[in-house]
Peer 1: 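Supplied in structure tokens, the structure appears directly below.
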Amino acid sequence: MTPRTHPARRPAALVLAAALTLAVAACSDDQTLSTPTGTATATDGSQDGADPADPTDEATDAPSEGALDPRDPVVETVSATLGTPLATGLQAPWGLAQLPDGDWLVTERDTRAVKVVPADASAPTTLTGPGADDLVEGTTGTGEGGLLGVALSPTFADDNLVFFYRTAEEGNEVLSGTLDGTTLGELTAVLSGIPAAATHDGGRIAFGPDGMLYVATGDSGSTILAQHPDSLGGKILRIAPDGSVPRDNPVPGSPVWSLGHRNVQGLGWAQDGRMLASELGQDSLDELNLVVSGGNYGWPAVEGPGGTSQGFVDPLVSWSTDAASPSGLAVTDEGVYVAALQGEALLRVPLAPDGVGDPQTLLAGDLGRLRAVAVGADGDLYVLTNNTDGRGEPREGDDRLVPVVVTED
């Protein structure tokens, strides 16, 4: 198998320049361009990313720390075995995050509740407290909107902060609150002003290896927003945990990390630092993208590959929309695992040092629609089914949080 190589990495300045040109062309005369709206502000240098490697360092044949070793073979195929569900009876679950004690936080999109699913498969409990009340009372949205992503602070052991992405009266927003047992404290707005609608709300949030919070948004059904730098819609955003903008973002003062997205719902990182995102297409092709700072991924001008001649970044992998409709993703040391809604499967893309291998389909039809997948502390995968979201056919026990054991073939 010949690995699919990374798309060409264009300098961020050139990519953003192309994006701004496209945005101006697409905007009407009464629309002005400015820094994207939201609560974020520029930070001091303490929020900067790591400095580039010292070019004077001696070269070595050994891979750098965290890199995929080119001497290791690509794991082309694996087998997946379902375990006993940790939880059943969940209602349109969406976000998934594991607590340090092994229990899981699960958000329910429509009830706006946050469930704590014990690792021992005992009965789930529901978060209480002022923050939980705020999520129920202050979350709005219909269709694809509601209570969506959840992520733990990278310093959770010290600050006990949990972050949420939800739909509110003024749009989608990111909030944080302190978790004490099953009590969620008052919520603080971290980022607001993200366009919301009944469709294309994005919603996944995840902390990267740099300690920054990445926020996946959708175009809210207005395709022009994906290319418009004055909108937080159709973007991947990067902010500090307090909502401020890191100084090493591609545009000073802007939380936008990449643009030209239709509806991103999965974020993750390989051990060598590569950032990956899953994105729902419209009528033709869904995507797995390698996300680079300042990258423009082409929507709405391009769906799937074929945009490099226009300055866009092509996807690593494309699937037909009926075979995928990708939502959350998880990354292991050997592959990227994508939860497929319409495809009703767990899609796997093997990782290679210089790209990716040929996609593999796992659990086809076994669980129905899949909304999220995460790597547990035990190394197994955990998937959330999503058959009660109004578009699936619920089965007995739906929806469920199910462990999946992966073994190499």
Peer 1: Evaluate the side chain to side chain contact (heavy atoms under 4.5 Å, CB included) criterion for residues Trp257 and Val251: first the C-alpha distance (whole Å), next the side-chain angles of each, then the deciding distance (0.1 Å), finally the verdict.
Peer 2: CA-CA 8 Å; Trp257 187 248; Val251 173; over 6 Å; no
Peer 1: With the side chain counted from C-beta on, respond yes when Leu346 and Leu370 share a heavy-atom pair under 4.5 Å apart, and no when they do not.
Peer 2: yes
Peer 1: Indicate yes or no for a side-chain donor-acceptor contact from Arg109 to the backbone of Asp389 under 3.5 Å, with no hydrogens or angles considered.
Peer 2: yes
Peer 1: So Leu381 and Thr332, do their side chains get closer than 4.5 Å, heavy atoms only?
Peer 2: yes
Peer 1: Taking all non-hydrogen atoms of both residues, which atom of Val406 and which atom of Glu334 are closest, and how far apart?
Peer 2: CG1-OE2, 4.3 Å
Peer 1: With a 4.5 Å cut-off on side-chain heavy atoms, are Ser258 and Val292 touching?
Peer 2: no
Peer 1: Should the heavy atoms of other residues, nucleotides or ligands under 6.0 Å from CD of Glu186 be counted, would the total exceed 12?
Peer 2: no
Peer 1: Is it true that the side chains of Thr321 and Asp286 contain a donor and an acceptor less than 3.5 Å apart?
Peer 2: no
Peer 1: Do any N or O atoms from the side chain of Asn263 and from the backbone of Leu280 form a donor-acceptor pair under 3.5 angstrom?
Peer 2: no
Peer 1: Output the distance between atom OG (Ser327) and atom CG (Asn386), rounded to the nearest 0.5 Å.
Peer 2: 7.5 Å
Peer 1: Kindly indicate, with the supporting measurements, whether the criterion side chain to side chain contact (heavy atoms under 4.5 Å, CB included) is fulfilled by Asn172 and Tyr165.
Peer 2: CA-CA 7 Å; Asn172 291 315; Tyr165 184 112; 3.5 Å; yes
Peer 1: Ignoring hydrogens and angles, tell me if any N or O in the side chain of Gln98 forms a donor-acceptor pair with the backbone of Trp104 under 3.5 Å.
Peer 2: no
Peer 1: Just by distance, do the side chain of Thr142 and the backbone of Ala198 share a donor-acceptor pair under 3.5 Å?
Peer 2: no
Peer 1: Are any side-chain N or O atoms of Lys235 and backbone N or O atoms of His228, one a donor and one an acceptor, separated by less than 3.5 Å?
Peer 2: yes
Peer 1: Go through it in stages, so that I can follow the logic: the residues are Leu347 and Val317, the test is side chain to side chain contact (heavy atoms under 4.5 Å, CB included), and I'd like the CA-CA distance, side-chain angles, deciding distance and then a yes or no.
Peer 2: CA-CA 11 Å; Leu347 306 176; Val317 177; over 6 Å; no
Peer 1: If I take atom CG from residue Leu127 and atom OG1 from residue Thr125, how far apart are they, to the nearest 0.5 angstrom?
Peer 2: 7.0 Å
Peer 1: Mind checking the CG-OG spacing from Leu191 to Ser244? Nearest 0.5 Å is all I need.
Peer 2: 11.0 Å
Peer 1: With sequence neighbours excluded, tell me which residues meet ring pair (Phe, Tyr, Trp, His ring centres under 6.0 Å) with Phe164.
Peer 2: none
Peer 1: Scan side-chain atoms only and decide if Thr155 and Ser153 contain a donor-acceptor pair under the 3.5 Å cut-off.
Peer 2: yes
Peer 1: By the definition side chain to side chain contact (heavy atoms under 4.5 Å, CB included), identify the one residue from Thr128, Leu105, Leu135 that meets it with Leu184.
Peer 2: Leu135
Peer 1: Using the rule ring-ring contact (aromatic ring centres under 6.0 Å, His included), only one of Phe163, Tyr214, Phe156 pairs with Phe207; which is it?
Peer 2: Phe163
Peer 1: Could you report the tightest heavy-atom contact between Val375 and Val331, atom names first, then the distance?
Peer 2: CG2-O, 3.8 Å
Peer 1: Any heavy-atom pair between the side chains of Val74 and Leu351 that's under 4.5 Å?
Peer 2: no
Peer 1: Would you say Trp319 and Leu285 make side-chain contact, with heavy atoms under 4.5 Å?
Peer 2: no
Peer 1: Looking at Tyr297 and Leu290, would you say the former's side chain and the latter's main chain have a donor-acceptor pair under 3.5 Å?
Peer 2: yes
Peer 1: Going by distance alone, is a donor N or O of one side chain under 3.5 Å from an acceptor N or O of the other, for Gln265 and Asp201?
Peer 2: no
Peer 1: Identify the two heavy atoms, one from Ala339 and one from Ala372, that lie closest to each other, and give their separation to 0.1 Å.
Peer 2: CB-N, 3.7 Å
Peer 1: Any salt bridge linking Asp272 with Arg274? Criterion: basic side-chain nitrogen under 4.0 Å from a carboxylate oxygen.
Peer 2: yes
Peer 1: With sequence neighbours left out, write down each residue that passes salt bridge (Lys or Arg N to Asp or Glu O under 4.0 Å) with Asp103, or none if nothing qualifies.
Peer 2: none
Peer 1: Taking all non-hydrogen atoms of both residues into account, name the closest pair between Ala301 and Gln310 and its distance.
Peer 2: CB-OE1, 4.4 Å
Peer 1: Less than 4.5 Å apart, any side-chain heavy atom of Asn289 and any of Asp314?
Peer 2: no
Peer 1: Cation-pi between Arg262 and Trp299: NZ/CZ under 6.0 Å from ring centre and within 45° of the ring axis?
Peer 2: yes
Peer 1: Just by distance, no angles: are the side chains of Asp399 and Thr388 close enough, under 3.5 Å, to form a donor-acceptor pair?
Peer 2: yes
Peer 1: Is Asp210 salt-bridged to Arg238, going by a charged N under 4.0 Å from an acidic O?
Peer 2: yes
Peer 1: Hey, mind stepping through Thr111 and Leu147 against side chain to side chain contact (heavy atoms under 4.5 Å, CB included) and telling me if it holds?
Peer 2: CA-CA 8 Å; Thr111 69; Leu147 181 56; over 6 Å; no
Peer 1: Between Ser79 and Asp409 (side chain of the first, backbone of the second, donor and acceptor by atom type, cut-off under 3.5 Å), is there such a pair?
Peer 2: no
Peer 1: Hey, could you give me the CD/CG distance between Gln227 and Leu259, rounded to the nearest 0.5 Å?
Peer 2: 5.0 Å
Peer 1: Could you tell me which non-hydrogen atom of Ala270 sits nearest to which non-hydrogen atom of Leu276, and how far apart they are?
Peer 2: N-CD1, 4.3 Å
Peer 1: Nearest heavy-atom pair of Val190 and Leu175: which atoms, and what distance?
Peer 2: CG2-C, 4.1 Å
Peer 1: Look only at the side chain of Glu303 and the backbone of Ser284, and say whether a donor-acceptor pair between them is shorter than 3.5 Å.
Peer 2: yes
Peer 1: Checking the side chain of Thr167 only, and the main-chain atoms of Gly146 only, is there a donor and an acceptor separated by less than 3.5 Å?
Peer 2: yes
Peer 1: Within a strict 4.5 Å, meaning less than it, do heavy atoms of the Thr178 and Asp159 side chains meet?
Peer 2: no
Peer 1: Rounded to the nearest 0.5 Å, what's the gap from NZ on Lys115 to CD on Glu108? Could you check?
Peer 2: 5.0 Å
Peer 1: Side chains of Leu237 and Leu213: does their closest heavy-atom pair fall under 4.5 Å?
Peer 2: no
Peer 1: Find the distance between CG (Asn387) and CZ (Arg395) and round it off to the nearest 0.5 Å.
Peer 2: 6.0 Å
Peer 1: Any salt bridge linking Arg348 with Asp358? Criterion: basic side-chain nitrogen under 4.0 Å from a carboxylate oxygen.
Peer 2: no
Peer 1: Answer yes or no: is there an ion pair linking Arg112 with Asp110, defined by an N-O contact shorter than 4.0 Å?
Peer 2: no
